[in-house]
Structures are given as C-alpha cells and as structure tokens.
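Read the numbers this way: they start at 1 and go in the same order the structure lists the ligands and their atoms. Values below: all heavy atoms of this structure, side chains included; hydrogens, waters and symmetry mates excluded.
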Amino acid sequence: MSTDFTTPDLSAALALLRAGELVGIPTETVYGLAADASQPAAVAKIFAAKGRPNDHPVIVHIAGIEQLSDWAQNIPESAYQLANAFWPGPLTLILERQAHVSDSVTGGQNTVGLRAPAHPITHELLRQFGGGLAAPSANQFGHVSPTTAEHVRHEFTPEQVSLILDGGACQVGVESTIVSLVGGVAKLLRPGGISRAAIETVLNSAIEHHTDQHSAQQRVSGLLDSHYAPRTPLITGSLAAILKIANEKQQANNKVVLLTQEKHTDLSYPQQKMPDEPTAYAQSIYATLRTLDQQGFDLLLLETPPEGAEWLAIHDRLNRAAQQKLV
Ligand code: TXA
Ligand code: MG
C-alpha cells in the first residue's frame with residue numbers, strides 16, 4: 001500500500017461512500033471505518049462488519065465548524081469555543097441532535113457526537129464529500145484500535161471493506177477526547193488526544209469527569225467484555241507485581257513478555273521497553289499490543305506507566321484492555 005498521501009485519489013472513496021459502502025479512513029487518532037451518516041443502511045454495515053451492538057452511537061465526522069449546525073441544534077457557545085480552539089483535531093463534542101440524524105447513528109439517543117479530524121487526507125475527503133461520515137474505530141468490537149492501514153486490513157475482509165485510504169501511522173495514537181455539552185454543562189466522557197486541562201483553559205471552568213462506576217466494578221471482577229484488548233491476556237501492575245506473575249507463569253511453562261518502563265538486563269524474560277514520554281507512548285501502544293499479540297506469547301505483562309494528567313488517556317485504555325489489574 002502506498003504511503004504517499006500528498007496527492008491522494010479520493011474519487012474512488014467518494015464513489016463508494018455515496019453508493020452506501022464502507023471505506024477505511026486515516027485520522028490523527030486511530031483509523032476509522034466510515035459510512036455516509038445520512039444513509040442508515042450504510043451505517044448498519046459498520047455495525048455488521050464490527051460485530052458491534054446496535055445501540056452504541058457512532059461519531060459523525062465533519063470537515064469543520066461550519067457544519068456543526070447541520071447535525072446539532074441548541075448549540076451552546078461553549079461548543080463554538082472548543083471547536084474553534086481544537087478543530088480540526090482529536091476532540092469529539094456531544095450535542096443535541098438535529099431531528100434528521102438517524103437512530104442508527106445516535107443509538108436512538110437525542111444526542112450526536114461530532115468531530116472534525118485533522119488528518120489531511122480525511123479532511124480533504126470530508127470537504128469534497130460535503131456531508132458527515134459516521135465512523136467508529138476500524139476494529140472488531142472490543143479489539144485493539146488500528147493505527148495503520150495494515151491494521152485495518154487485518155480486521156476486515158475485502159468484501160466488507162474494499163478500500164482503505166492509507167495515511168501512514170496515526171500521530172496521536174489514542175482516540176479523541178469526548179466532551180458532552182448537552183444542557184450547557186461540560187462533562188468529560190472519555191479522556192483522549194486533547195487534555196482535560198486544555199479544555200478547562202478554553203472554557204475557563206472546571207469540567208466533571210464521568211467514569212462509569214458500574215462497569216468499572218464489573219471490569220475488576222472480569223465480567224465486562226474488554227475493550228481495546230489484544231487476544232493474548234494482558235495483566236498490568238507494578239514491576240514487582242508483574243515479575244512475581246512472570247516467575248510463576250514461567251515455572252508453569254507459559255511464555256510471557258514484559259512491557260516495562262526501563263530495560264532490565266538482569267532479567268531473562270523477553271522484554272519490550274515502553275516510551276518514557278506520554279505522547280510517544282500513546283502513539284505506539286496499540287501497534288505494540290498488536291505486534292506482541294502475533295508472537296505466540298501466553299501472557300503480556302505490562303508495568304503500569306507513570307501517573308499524571310498527561311497519562312490519563314493511556315491509563316484509561318490500558319485499564320480497559322487489561323484482563324486483570326494488579327495492585
Ligand atoms: O478518535 C476517535 O474518536 C475515533 C476516530 C475514528 O475518530 N473514533 C472512535 O469511535 O473512537 P468509537 O466508535 O470507537 O468510539 C466512539 C465513542 C463510543 O464510546 C460512543 O459510545 C461515544 O463515542 N459516542 C458517540 N456518540 C455519542 C453520543 N451521542 N453520546 C454519547 N457517547 C457517544
Ligand atoms: Mg473504538
């Protein structure tokens with residue numbers, strides 16, 4: 001696949017999208033699986049291809065702020081402030097939907113998620129398309145999100161997705177930050193590419209962070225289907241905690257790999273050194289999990305990365321990807 005995206009031929013992608021077919025698209029966060037948001041039958045193909053429950057809403061991708069009112073109504077001033085500050089970019093705004101926005105997109109809710117992605121190919125595609133593209137991450141439901149075109153190719157058959165636009169490796173590497181502005185109150189629903197602090201600076205006020213307590217509890221007992229997860233079980237914990245498990249597993253003849261913050265030359269286990277910087281960590285985490293997933297390990301043991309605001313999105317994704325979190 002070509003990585004030259006200075007002169008992409010978007011005509012084939014536009015024709016497929018207008019015909020109600022799916023196209024893999026690059027964004028700065030992760031690759032998306034796109035369909036024309038105004039065609040419910042096309043959006044239904046996304047859910048079928050991903051194996052995703054029908055009541056999960058999908059984000060509508062647009063070229064920019066000019067299209068906000070095509071999809072949302074009763075738009076608060078805060079939406080314009082945030083869109084002006086961060087679009088195109090990794091921020092999704094949840095707003096009251098326009099009446100025409102289909103239940104297939106909103107999951108039957110009264111709200112719609114909107115984002116203008118920054119990747120030049122997809123920005124240009126959206127500009128030429130004119131409408132909105134419904135697009136979740138281009139992975140099977142629950143699996144690791146894709147950050148290259150090749151990852152997307154591994155997730156779907158050519159019958160499901162005949163065209164994937166190759167825009168190279170994603171710069172951000174984790175999904176967009178989701179902020180709800182419904183009812184004029186700003187709530188952080190998912191940490192991501194734009195930091196909470198940056199959003200609070202623009203709004204000049206603190207925002208609530210909503211975590212789903214119920215599902216968090218289920219996750220601890222291992223009942224909830226995992227998200228962003230490799231096929232090989234992943235356990236996270238302190239270096240001491242994962243070394244203890246590594247030792248036990250090796251004695252039981254299991255093949256383990258350690259994903260650590262430092263390289264430990266005194267340890268005999270296979271190791272993957274993880275980046276020190278949160279930006280580099282986010283960029284590479286999904287690709288690293290996918291690569292290790294294909295190397296025949298029985299268990300991935302990951303040292304919990306540092307705490308701190310700039311690591312929030314990474315901790316969020318690792319918590320959901322991990323089968324078990326050691327304390
Ligand atoms: O960075 C991203 O956001 C990527 C790229 C492709 O744009 N997309 C992405 O989509 O992560 P997906 O479907 O994997 O995750 C979207 C999240 C879901 O958790 C969904 O529940 C939430 O956005 N969402 C979408 N519309 C919503 C709405 N109206 N109300 C609440 N949550 C919504
Ligand atoms: Mg996803």
Report summary line: The closest protein heavy-atom partner of atom 29 (N) of ligand 1 is Thr111 OG1, 3.0 Å
**Report entry** Close-contact set for ligand 1 against Glu175 heavy atoms, below 4.0 Å
**Finding:** 1 (O), 2 (C), 11 (O)
Report task. Of the side chain and backbone of His61, name the one, both, or neither that has a heavy atom under 4.0 Å from an atom of ligand 1. Result -> side chain
Requested in this report: Step by step, work out the side chain to side chain donor-acceptor pair (under 3.5 Å) result for Arg190 and Thr92.
Outcome: CA-CA 9 Å; Arg190 178 175 75 180; Thr92 297; 5.1 Å; no
**Report entry** Protein residue, atom and distance nearest to atom 14 (O) of ligand 1, heavy-atom basis
**Finding:** Ser137 OG, 3.0 Å
Query - Closest candidate by heavy atom, reference atom 23 (O) of ligand 1, pool Ile178, Ile94, Val112, Val174 - result: Ile178
Query raised in the report: Salt bridge or not for Asp103 and Arg97, using N-O below 4.0 Å?
Result: yes
Requested in this report: Report the nearest protein non-hydrogen atom to atom 3 (O) of ligand 1: residue, atom name, distance rounded to 0.1 Å.
Outcome: Ser176 OG, 2.6 Å
Query raised in the report: Do ligand 1 and Thr27 have nitrogen or oxygen atoms that lie under 3.5 Å from each other?
Result: no
Query raised in the report: Does the Gln39 side chain pair with the main chain of Arg18, one donor and one acceptor, at a distance under 3.5 Å?
Result: yes
Report task. Hey, could you give me each pair passing ring pair (Phe, Tyr, Trp, His ring centres under 6.0 Å) that has a residue in residues 151-175? Not counting sequence neighbours. Result -> none
Requested in this report: Mind checking whether Arg52 contacts ligand 1 via backbone (N, CA, C, O), side chain (CB onward), both or neither, at a 4.0 Å heavy-atom cut-off?
Outcome: side chain
**Report entry** Nearest neighbour in protein (non-hydrogen) for atom 6 (C) of ligand 1
**Finding:** Gly32 CA, 3.7 Å
Query raised in the report: Which is it for Glu303 and Leu259 under the side-chain contact (heavy atoms from CB on, under 4.5 Å) test, yes or no, and what are the steps along the way?
Result: CA-CA 6 Å; Glu303 179 183 5; Leu259 296 83; over 6 Å; no
Query raised in the report: Does ligand 1 have an atom under 4.0 Å from some heavy atom of His56?
Result: no
Query raised in the report: How far apart are the C-alpha atoms of Trp87 and Ile62, what are their side-chain angles, what is the distance that settles it, and do they pass the side-chain contact (heavy atoms from CB on, under 4.5 Å) test?
Result: CA-CA 10 Å; Trp87 281 4; Ile62 53 179; 3.9 Å; yes
Query raised in the report: Between Lys187 (side chain) and His209 (backbone), is there a donor-acceptor pair under 3.5 Å?
Result: no
Report summary line: Quick look: Arg190 vs ligand 1, heavy-atom contacts under 4.0 Å, and the answer is side chain
Query raised in the report: Do the side chains of Ile314 and Ile285 get nearer than 4.5 Å, heavy atoms only?
Result: no
Query raised in the report: Can a salt bridge be assigned to the pair Glu150 and Arg153 using a cut-off of 4.0 Å between side-chain N and carboxylate O?
Result: no
Report task. Would you tell me whether Glu175 and Ser145 have side-chain atoms, one donor and one acceptor, within less than 3.5 Å of each other? Result -> yes
Report task. Hey, could you give me each pair passing ring pair (Phe, Tyr, Trp, His ring centres under 6.0 Å) that has a residue in residues 257-301? Not counting sequence neighbours. Result -> Tyr281-Trp311
Query raised in the report: What part of Thr29, side chain, backbone, both or neither, has a heavy atom within less than 4.0 angstrom of ligand 1?
Result: side chain
Query raised in the report: Which protein non-hydrogen atom lies closest to atom 20 (C) of ligand 1, naming both residue and atom, and how far is it?
Result: Pro57 O, 3.5 Å
Report task. Please could you name the atoms of ligand 1 that Gly113 approaches to less than 4.0 Å, counting only its heavy atoms? Result -> 26 (N), 29 (N)
Report summary line: With sequence neighbours left out, the residues meeting side-chain contact (heavy atoms from CB on, under 4.5 Å) with Asn254 are Lys249, Ala252, Asp298
Report summary line: Tested for side chain to side chain contact (heavy atoms under 4.5 Å, CB included) against Leu258, the lone hit among Leu302, Leu301, Ile245 is Leu301
Query raised in the report: Excluding waters, which protein N, O or S atoms are within less than 2.8 Å of the Mg ion (ligand 2)?
Result: Ser137 OG
